Amino acid sequence: MTDLLTNPPRFAADFTWGVATSAFQIEGAASADGKGPSIWDTFCRQSGAITDDSNGDIACDHYHRFEEDVDLIAAMGLRAYRFSMAWSRVQPSGSGPWNEAGFDFYARLLDALAARGIEAHLTLYHWDLPQGLQDQGGWLERTTACHFADYAAEVTRRFGHRLASIATHNEPWCSANLGYGNAQFAPGVADAGAAIQVSHHLLLSHGLAMTAMRAVCKQLGCSPKLGIVLNQWCADPATDSAADIALAALEYARSVEWFMDPLFKGHYPALALQAHGEHAPQVADGDFAIICQPLDFLGVNYYFRAWCSAAIPPLPPPALLGRTAMGWEIYPQGLTELLLKLHQQYALPPVYITENGMASADLLRHGAIDDVERIEFVASHLAALKAAIDGGVNVAGYFLWSLLDNFEWNSGYAKRFGIVHVDYASQRRTPKASARWYRDFVAQQRAATNGEDNHENDENH
Ligand code: IFM
């Protein structure tokens, strides 16, 4: 086992340690207090869409239990929480009237976090588009980007002064490719060309929202950090054959550079554009100027690498450390590799690892879950993260995915990512061994840095 606890690497005193969740995966209360339906509410009703035929109607019932959940975060000594807002809870149709009861819920959540000294890191869009906008074409329509900017501005107006950061999107690669490319996610479209056009509209919506939020912040004098969260991986060729190297370069261009180049360089990567051929997106004059604007932070979600073998059947990765319950290769060095490469390619703002974690079987035995695999996973990824920091990458924080077991999209409730176990029948929460490990690790970091962590009123937390 990585000796992170006996010989922990030292992260900066002001490094942010947190946990992450998203609205649809935990909130439940699918139609409570005026909430409108989202594309995931609709998608879950399609036969065969979700492995266990479940839905987000109740999920972790966080809508009614958020105080208890915020207590769990506080009990781990964490001072940062990343969560998302359900757009259709605060604007039921995605355009038109706001829903005050929906905003009230997030105001109460922010109160609960503030009372425990926990910073709030909000994501505006974690895949749950209001169904009303989907009925008008969803992300295939350019106007959806304008509605998103209106929503971003309104949220900033109401909560900007209470938020540490606001991310526009979570993992737009997934929204585009899994939602529109292969129908694995809502809205369930399988059309390669649509996926690429959607990715452009998502990027455009990010840029429009950034402009709108900056204007509101200026007007109100508030300063949440504004950015975006991307899921990324390094792409490793299986051999040094020209075919494997070309495959890896194309994979990296189509996934990582497809989003990073427009955001940081103001164009799409030539290699991927060429590969998309007739499916290349329609880009209006001025779009890149909207998309490519300064970010206060970049969120990186890292789970696995892309292993690129052109052989048939493909060569498996050598020296496999293991696979998670999702079937994803466990490859911590990939985090170092990815971050160093990004650092070399782009003028990065401070980076936050906004998600990292694993799904495992996590059986409850005699009231306890001894998830040693997850501890090893997190420990080895933190060591890999420290290696990237030592290599010069400016990483400001780490958010473990996830606080709670939750609705894992098309896998339903079968895959458990939480460091807190949820018994869905009783809604009982049971911290796993990994929750205690993370608590102790973060406490050690604080002790090692003599409490010089920019929090002045330690005794109040
Ligand atoms: O659960 C998801 C999350 O919503 C987005 N990033 C990946 C996680 C694990 O699949």
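In each ligand, atom 1 is the first atom listed, and ligand 1 is the first ligand listed. On a predicted model such as this, the values are computed, not experimentally measured, just so you know.
- Less than 6.0 angstrom separates the ring centroid of His381 from the ring centroid of Phe377.
- Within the 4.5 Å cutoff, side-chain heavy atoms of Phe441 are placed close to those of Leu382.
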Ligand-protein N/O pairs under 3.5 Å (ligand 1):
{"from": "ligand 1", "atom 1": "1 (O)", "to": "Gln25", "atom 2": "NE2", "distance (Å)": "2.9"}
{"from": "ligand 1", "atom 1": "1 (O)", "to": "Trp401", "atom 2": "NE1", "distance (Å)": "3.3"}
{"from": "ligand 1", "atom 1": "1 (O)", "to": "Glu408", "atom 2": "OE1", "distance (Å)": "2.6"}
{"from": "ligand 1", "atom 1": "4 (O)", "to": "Gln25", "atom 2": "OE1", "distance (Å)": "2.7"}
{"from": "ligand 1", "atom 1": "4 (O)", "to": "His126", "atom 2": "NE2", "distance (Å)": "2.8"}
{"from": "ligand 1", "atom 1": "4 (O)", "to": "Trp409", "atom 2": "NE1", "distance (Å)": "2.8"}
{"from": "ligand 1", "atom 1": "6 (N)", "to": "Glu171", "atom 2": "OE1", "distance (Å)": "3.2"}
{"from": "ligand 1", "atom 1": "6 (N)", "to": "Glu171", "atom 2": "OE2", "distance (Å)": "2.8"}
{"from": "ligand 1", "atom 1": "6 (N)", "to": "Glu355", "atom 2": "OE1", "distance (Å)": "2.5"}
{"from": "ligand 1", "atom 1": "10 (O)", "to": "Glu408", "atom 2": "OE2", "distance (Å)": "2.6"}

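- Here side chain to side chain donor-acceptor pair (under 3.5 Å) pairs that include residues 178-190, with residues two or more places apart or in two chains, are Gln134-Tyr180.
- Residues forming a side-chain contact (heavy atoms from CB on, under 4.5 Å) with Ala275 (at least two apart in sequence, or on another chain): Leu250, Arg254.
- Every side-chain contact (heavy atoms from CB on, under 4.5 Å) that Cys308 has, sequence neighbours left out, goes to Ala235, Leu247, Ala248, Glu251, Ala306.
- Between Lys225 and Asp296, no side-chain nitrogen of the basic residue sits less than 4.0 Å from a carboxylate oxygen of the acidic one, so the salt-bridge criterion is not met.
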